[in-house]
Asks: 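Take this structure, written in structure tokens, and hold onto it; I'll ask about it next.
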Amino acid sequence: MLDRPNVGALHGSLVTALGTAIVSGQYGPGRVLNLGGVSAEHGVSRSVAREAIRVLESMGMVESRRRVGITVQASEKWNVFDPVLIRWRLEVGDRTAQLVSLSELRLGFEPAAAALAARRASPHQCRTMATAVSDMVVHGRSGDLDAYLLADKLFHQTLLEASGNEMFRALNGVVAEVLAGRTHHGMMPERPNLEAIALHDEVARAIRMGEERQAERAMRAIIEEAASAVVEEFPSPP
């Protein structure tokens, strides 16, 4: 009998295998799966297969019905805000289109969050953002993109928390996956853009000084710069 850690690993691997198969189009909308087939194809028990399907159901990617089976759903029904789904779409989907879509989403809330942070951020949050920017400068110069990513994620996480808005704070996972996706899929330059780092510093300063309009403007510029860089370097195929 498998121990619990092994069962957990099998469950996670199966969720990823099925999820990426759906995102890539290998399992297209309308395709009907069944537990027996999933279990046999991936060499797992029916109970592991059942739990994996439940996860995908919670993400809107499949629908289970008696006497019908497990039907793959069209992307319009997916929970596109789920960070795991975002990760899969960046891995096996149209990466550039997904990043552009996410950038448009970010334009709708991060500048507003920055403005609110200029009104509500605590001294500790201001220091955390300033430290994150300093770390971005150091790691940007050294070319340590993994360390740069950690600092960048901390900056945006703190900014969303500093907004004092629980809805904005809940979108941290979305922003983190965008930042990680650019780094992990070679969509970042070897040396991060100095202009982008300077804009992060501008946001941090504006928030610390309580300058709402300046914080909002600089945050918008950060997102637009990143989106432009992705489109110019990795244009979508015609």
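Just so it is clear, the values below take in all heavy atoms, side chains as well, and ignore hydrogens, waters and symmetry mates.
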Asks: Please collect all side chain to side chain donor-acceptor pair (under 3.5 Å) contacts where either partner lies in residues 105-121, sequence neighbours excluded, each pair once.
Replies: Arg106-Glu110, Glu110-His156, Arg119-Glu212

Asks: Tell me whether Val80 shares a hydrophobic cluster with Leu18, the cluster being built from Ile, Leu, Val, Met, Phe, Trp, Tyr side chains joined at under 4.5 Å.
Replies: yes

Asks: Within a strict 4.5 Å, meaning less than it, do heavy atoms of the Arg182 and Leu149 side chains meet?
Replies: no

Asks: Would you compute the distance between atom CG of Leu160 and atom CD of Glu166 and round it to the nearest 0.5 angstrom?
Replies: 13.5 Å

Asks: I'd like to know if the side chain of Thr131 reaches the main chain of Arg127, judged simply by a donor and an acceptor atom lying under 3.5 Å from each other, with no hydrogens or angles considered.
Replies: yes

Asks: In terms of side-chain heavy atoms, does His139 have a donor or acceptor partner in Asp146 at a distance below 3.5 Å?
Replies: no

Asks: Is there a side-chain contact between Leu159 and Met129 in this structure, where contact means two heavy atoms from C-beta onward sitting under 4.5 Å apart?
Replies: yes

Asks: I need the minimum non-hydrogen distance between Ala114 and Met219, along with the two atoms involved.
Replies: CB-CB, 3.8 Å

Asks: Got a second to check how far Glu195's CD is from Glu225's CD, nearest 0.5 Å?
Replies: 5.5 Å

Asks: Let me see the working for Glu216 and Arg213 under salt bridge (Lys or Arg N to Asp or Glu O under 4.0 Å), right down to the final yes or no.
Replies: CA-CA 5 Å; Glu216 182 176 2; Arg213 290 186 180 180; over 6 Å; no

Asks: Would you mind reporting whether Arg95 and His185 have side-chain heavy atoms less than 4.5 Å apart?
Replies: yes

Asks: Indicate yes or no: at least one non-hydrogen side-chain atom of Glu63 is less than 4.5 angstrom from one of Ile70.
Replies: no

Asks: Give the minimum heavy-atom separation between Glu190 and Pro192, together with the two atoms involved.
Replies: O-CD, 3.9 Å

Asks: Quick one: closest heavy-atom pair of Asp82 and Val84, and the distance?
Replies: OD1-N, 2.8 Å

Asks: Do Val203 and Phe155 make a side-chain contact, defined as non-hydrogen atoms from C-beta onward lying under 4.5 Å apart?
Replies: yes

Asks: Does Ser163 reach the main-chain N or O of Ala117 with its side chain, forming a donor-acceptor pair under 3.5 Å?
Replies: no

Asks: Could you give the distance from CG (Asp152) to OG1 (Thr183), rounded to the nearest 0.5 Å?
Replies: 7.5 Å

Asks: Counting distance only, does the side-chain N/O of Ser103 pair as donor-acceptor with the main-chain N or O of Leu99 below 3.5 Å?
Replies: yes

Asks: Looking only at non-hydrogen atoms, find the nearest pair between Gly143 and Arg191 and report the distance.
Replies: CA-NH1, 3.4 Å

Asks: Please list, chain by chain and in numerical order, all residues satisfying side-chain hydrogen bond (donor to acceptor under 3.5 Å, both in side chains) with Arg217, sequence neighbours excluded.
Replies: Glu202

Asks: Salt-bridged, Glu177 to Arg87, with N to O below 4.0 Å?
Replies: yes

Asks: Would you say Trp88's side chain and Ala21's backbone share a donor-acceptor pair under 3.5 angstrom?
Replies: no

Asks: Hydrophobic cluster membership, with links at side-chain heavy-atom distances under 4.5 Å among I/L/V/M/F/W/Y: are Leu105 and Val23 in one?
Replies: yes

Asks: Considering all heavy atoms of both residues, which atom of Ala215 and which atom of Ala206 are nearest to each other, and what is their separation?
Replies: N-CB, 3.5 Å

Asks: Once rounded to the nearest 0.5 Å, what's the spacing between atom CD of Glu161 and atom OG1 of Thr128?
Replies: 9.0 Å

Asks: When clusters are formed by joining ILVMFWY residues with side-chain heavy atoms under 4.5 Å apart, either directly or through shared neighbours, do Val133 and Leu154 land in the same one?
Replies: no

Asks: Starting at CG of Leu194, measure out to CG of Asp201 and round the result to the nearest 0.5 Å.
Replies: 12.0 Å

Asks: Are any side-chain N or O atoms of Ser58 and backbone N or O atoms of Val55, one a donor and one an acceptor, separated by less than 3.5 Å?
Replies: yes

Asks: Apply the test side chain to side chain contact (heavy atoms under 4.5 Å, CB included) to residues Gln98 and Arg89: give CA-CA distance (whole Å), side-chain angles for both, the deciding distance (0.1 Å), then the verdict.
Replies: CA-CA 7 Å; Gln98 174 70 351; Arg89 297 182 84 178; 3.7 Å; yes

Asks: List the atom of Leu199, the atom of Ala218, and the distance in Å for their closest heavy-atom pair.
Replies: O-CB, 4.2 Å

Asks: Are the side chains of Thr71 and Arg31 in contact, using a 4.5 Å heavy-atom criterion?
Replies: no

Asks: Could you state whether Phe109 and Leu107 fall into the same hydrophobic cluster, counting links through intermediate Ile, Leu, Val, Met, Phe, Trp or Tyr residues with side-chain heavy atoms under 4.5 angstrom apart?
Replies: yes

Asks: Walk me through whether Val72 and Met61 qualify under side chain to side chain contact (heavy atoms under 4.5 Å, CB included).
Replies: CA-CA 6 Å; Val72 175; Met61 301 181 76; over 6 Å; no

Asks: Just how far is it from atom CG of Leu171 to atom CD of Gln157, taken to the nearest 0.5 Å?
Replies: 13.0 Å

Asks: State, with a plain yes or no, whether a side-chain heavy atom of Phe168 is found less than 4.5 Å away from one of Leu116.
Replies: yes

Asks: Look at the side-chain heavy atoms of Ile, Leu, Val, Met, Phe, Trp and Tyr, link any pair under 4.5 Å apart, and say whether Val62 and Phe81 land in one connected group.
Replies: yes

Asks: Leu14 versus Val38: any side-chain heavy-atom pair under 4.5 Å?
Replies: yes

